[in-house]
Amino acid sequence: MRVGKTTIIAIAGASASGKSLFASTVYQELVAELGSDGIAILAEDAYYRDQSHLTLEQRTLTNYDHPSAFEHELLANHLDALHRGEAIAMPQYSYTTHTRLAETIHVQPARVIMVEGILLLSDNALRERFDISVFMDTPLDICLLRRMKRDLEERGRTVQSITEQYEQYVRPAFFDFIFPSKQFADLVVTRGGQNEIAIDIIKTKIRQLLAE
Ligand code: C5P
Ligand code: MG
């Protein structure tokens, strides 16, 4: 089914475990070193379903930690297109308005594609497409502290809304979907996006692939 040489690296783990930081550190450091031709980066969050047909109040009721919140079929189609050597229009998502933006991001096919997100390894069809799977095994209390700070500072939330969402959706989804998907990882990374040894190991692997 797969043609050409494309390696897809998935980075999964709890919300605020350091996935985005880990992926963007690897990406930016390699781009600074080698240029941007060989490597592309995608976010599962960009594939949250479009909710522009709902009111803002209705959108706040969605369970964003359940697999049904994501358009995983579109992500799978985009991974396949990149694999075939075709460019994609990756959606852009706003955590403030809980829906997609009108503009998309043009992503060129690349030898190595990194994709990061909470539920990547819990989806069978997506898992089949990954060549290397990484799980960020950051303690859940650290994730919660980070999430509280980030959602207050960057995602326009209140302490009350963060607490309610965490208890109702985020924590249960960790135990139902995210933690059980750890078994599918090739590499388990402790301490999240600041684990420099793990960042270095992935960078070394990508350098090797780009040199082949
Ligand atoms: O970056 P991170 O992995 O934390 O992003 C995923 C998290 O974003 C999910 O745990 C989900 O609760 C949250 N989210 C949200 N509001 C949205 C979409 C996602 O709080 N509109
Ligand atoms: Mg993130």
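Counting starts at 1 for both ligands and their atoms, in listed order. As the structure is a computational prediction, the values presented were derived from the model and not from experiment. For this chain, numbers begin at 1 and follow the sequence in order.
Salt bridge E153/K149: present, at least one basic N to carboxylate O contact under 4.0 Å. One finds a salt bridge joining R111 and E212 here, because a Lys/Arg side-chain nitrogen approaches an Asp/Glu carboxylate oxygen to under 4.0 Å. Using a cut-off of 4.0 Å between Lys/Arg side-chain N and Asp/Glu carboxylate O, E33 and R207 are scored as salt-bridged.
Protein atoms of type N, O or S found under 2.8 Å from the Mg ion (ligand 2) total 1.
Centroid-to-centroid, the aromatic rings of Y93 and Y48 come within less than 6.0 Å.
In terms of heavy atoms, L121 sits closest to F184 at O-CD1, 3.5 Å.
Contacts of ligand 1 (protein heavy-atom distance under 4.0 Å) are S15, A16, K19, D45, Y48, Y64, D65, Y93, Y95, H98, I118, R147, R150, R155, R157, Q165, V170.
Q92 and T104 form no side-chain donor-acceptor contact under 3.5 Å, judged by distance and modelled atom types alone. Inspection of the D137 and T190 side chains reveals no N or O donor paired with an N or O acceptor under 3.5 Å.
Checked against R129 for a side-chain contact (heavy atoms from CB on, under 4.5 Å), the options I113, V115, D80 give a single hit: D80.
Side chains of Y95 and E154 form no contact here, defined as non-hydrogen atoms less than 4.5 Å apart.
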